[in-house]
Amino acid sequence: MSFTIARTLDEALAALAAGARPIAGGTDLVVGARHGKAPLPADLVAIDRIPGLAEVTVTAAGITIGAAVSHHTLEGHPLIASTYSALADGSALVGSPATRHVGTLGGNIMNASPAMDTGAGLTVLGAEVELRAQAGSRRVTLADLWTAPGRTSARPDELCVAVHVPTPAPRSGSAYLRLEYRRAMEIAVVGAAAAVTLAPDGSVAAVRVALSAVAPTILSLGGLETLAGGSVNDVAAAVAAAASQQATPISDVRATDHYRRHTVGVMARRAVAAAARRAAGETIAIPVNRSIGIGAAS
Amino acid sequence: MSESISLRVNGIDYPVTIDQGRNLLSVIRTEVGLTGTKEGCDDCECGACMVLLDGQPINSCSYLAVQAQGREITTVEGVLQGDALHPLQRNLLEEGGVQCGFCTPGMIMSATALLQRTPAPTEEEVRIGLSGNLCRCTGYSKIVQAVQRTAAELADS
């Protein structure tokens with residue numbers, strides 16, 4: 001049994017190579033251990049005080065978000081809110097203010113819950129994850145990272161150090177919405193993110209959609225290329241049908257599979273509509289859920 | 001395995017010898033001996049265990065005590081101003097925002113963090129700031145009013 005506070009990335013990577021597991025906010029790890037989901041690892045290395053791991057950096061290709069950046073930082077970051085809105089929408093819905101202060105983006109990604117609130121947004125934004133080990137680092141797409149509920153393709157000695165998100169094309173917007181029964185400490189019943197690029201005439205030039213809590217991992221909708229050129233309303237309707245058709249939800253304490261299959265189509269349609277409004281230059285406050293969706297203040 | 005660490009609570013360093021799996025809540029209550037912080041659901045849902053870590057709210061039931069080394073921990077005992085109640089505590093009493101009182105320490109910590117960051121919150125901002133704290137008595141409105149009254153008083157002072 002050991003608990004080490006890493007002061008540098010090298011210290012953290014050495015601890016992982018020796019068999020320790022990383023902990024940042026601990027919001028999934030500690031709660032999971034208390035539920036009996038998995039015992040607390042015998043050896044832990046705290047990665048929340050490593051310089052640089054909690055920074056958001058603008059690059060030539062887009063934005064690099066350190067793995068230890070908190071949801072609180074993401075929901076209030078002006079560039080992320082304006083340009084990578086679906087990620088800010090998702091971060092603003094995680095847990096409560098307390099969860100958002102200690103919970104990190106890297107933790108949310110590597111916990112690999114299919115109901116995670118940042119995953120669908122990152123997927124439609126085309127994000128890649130940087131995994132680092134002592135031997136070097138590699139980048140993986142989210143589709144290659146998540147393999148099953150709670151499972152990733154990362155090796156035990158690899159640490160998620162950053163998320164790279166490319167700059168969206170001009171006239172693009174994105175949004176993430178979820179169905180929820182209460183406004184805090186909630187897990188998505190279903191959720192949907194959309195990224196829309198508009199053509200100069202207002203038609204949809206490109207659309208990407210990803211769904212949460214309706215498959216073993218975040219589900220990226222296929223077959224949307226054929227929708228290019230359609231109106232926003234037509235594309236939103238087609239996406240809703242595709243979402244309900246491609247979803248493979250389960251029944252559990254939060255909803256039946258039948259209910260999830262229907263409502264994920266509704267969420268997907270609203271996500272496309274909100275993303276298109278943002279693509280057209282309209283500002284919809286973060287998170288979309290509180291501005292126009294379920295859970296909006298009356 | 002037990003570990004000897006130091007925790008700084010309300011400005012005082014407390015040496016404690018604890019198991020690394022112990023949560024911060026139980027260490028504050030039984031080792032440090034400050035029982036104002038409450039155990040409600042013990043599952044990161046209700047907010048009764050809310051304390052501040054470097055000024056930000058956390059659920060101490062689901063945070064390891066060893067994670068808090070080198071951080072400033074503030075509990076409800078730390079918001080007293082000498083022997084006097086903090087304006088937030090007084091306003092919660094005067095507005096009827098306290099009934100059974102079990103959620104109150106957690107509410108105070110969340111509201112304290114909110115007012116630090118947002119000195120003049122709207123009602124919606126207060127409700128979001130307190131959204132991790134459950135109260136089964138008051139129906140929340142009187143708690144929200146107490147926070148807004150406190151914000152107004154602090155702005156005038």
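If you're wondering where the values come from, they're calculated on a predicted model, not measured in any experiment. Just so it is clear: chains get the letters A, B, ... in the order the sequence lines come, proteins before strands, and each one is counted from 1.
A:A98 approaches B:M50 most closely through the heavy-atom pair CB-SD, 3.6 Å. A:P97 approaches B:G129 most closely through the heavy-atom pair CG-O, 3.8 Å.
Residues of residues 100-120 of chain A lying under 4.5 angstrom from chain B, judged on non-hydrogen atoms, are A:R100, A:H101, A:V102 by number. The stretch residues 69-83 of chain A places A:H72 near chain B, each with some heavy atom under 4.5 Å from a heavy atom of that chain. At a heavy-atom cut-off of under 4.5 Å, chain B is reached by A:I23, A:A24 from residues 13-24 of chain A, listed in order of number.
Considering only heavy atoms from C-beta on, B:Q67 comes within 4.5 Å of A:V30 through its side chain. In this structure, B:N59 and A:T27 have side chains that are not in contact, with every pair of non-hydrogen atoms separated by 4.5 Å or more.
The part of B:L134 that comes within reach of chain A is its side chain, from C-beta onward, which places non-hydrogen atoms under 4.5 angstrom from that chain. Neither the backbone nor the side chain of A:L29 has a heavy atom closer than 4.5 Å to any heavy atom of chain B. For chain B, no part of A:P39 is nearby; none of its heavy atoms comes within less than 4.5 Å.
If you take CD on B:E45 and OG on A:S96, they are separated by 9.5 Å, rounding to the nearest 0.5 Å. Here OG of B:S131 is found 12.0 Å from CD of A:E186. Values are rounded to the nearest 0.5 Å. With rounding to the nearest 0.5 angstrom, the CD atom of B:Q69 is 4.5 Å from the CD1 atom of A:I5.
With hydrogens and angles ignored, the 3.5 Å screen pairs a side-chain donor or acceptor of B:Q20 with a backbone N or O of A:A42.
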Next on the checklist: Would A:L44 and B:L64 count as a side-chain contact (heavy atoms from CB on, under 4.5 Å) here? Give the steps.
Outcome noted: CA-CA 11 Å; A:L44 288 171; B:L64 301 177; 3.8 Å; yes
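Put simply, of B:C61, B:G47, B:G21, the one with the most heavy-atom pairs under 4.5 Å next to chain A is B:C61.
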Donor-acceptor pairs under 3.5 angstrom involving side-chain atoms of residues 100-110 of chain B: please list them, not counting sequence neighbours.
{"residue": "B:T104", "atom": "OG1", "partner": "B:G101", "partner atom": "O", "Å": "3.2"}
{"residue": "B:S110", "atom": "OG", "partner": "B:N133", "partner atom": "OD1", "Å": "2.7"}

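Atom NZ of B:K38 sits in a crowded spot, with more than 12 heavy atoms from other residues, nucleotides or ligands closer than 6.0 Å. Counting heavy-atom neighbours within 6.0 Å of B:E153 CD, excluding the residue itself, gives a total above 12.
Looking at A:R290 and B:E125, no side-chain N of the basic residue comes within less than 4.0 Å of a carboxylate O on the acidic one, giving no salt bridge.
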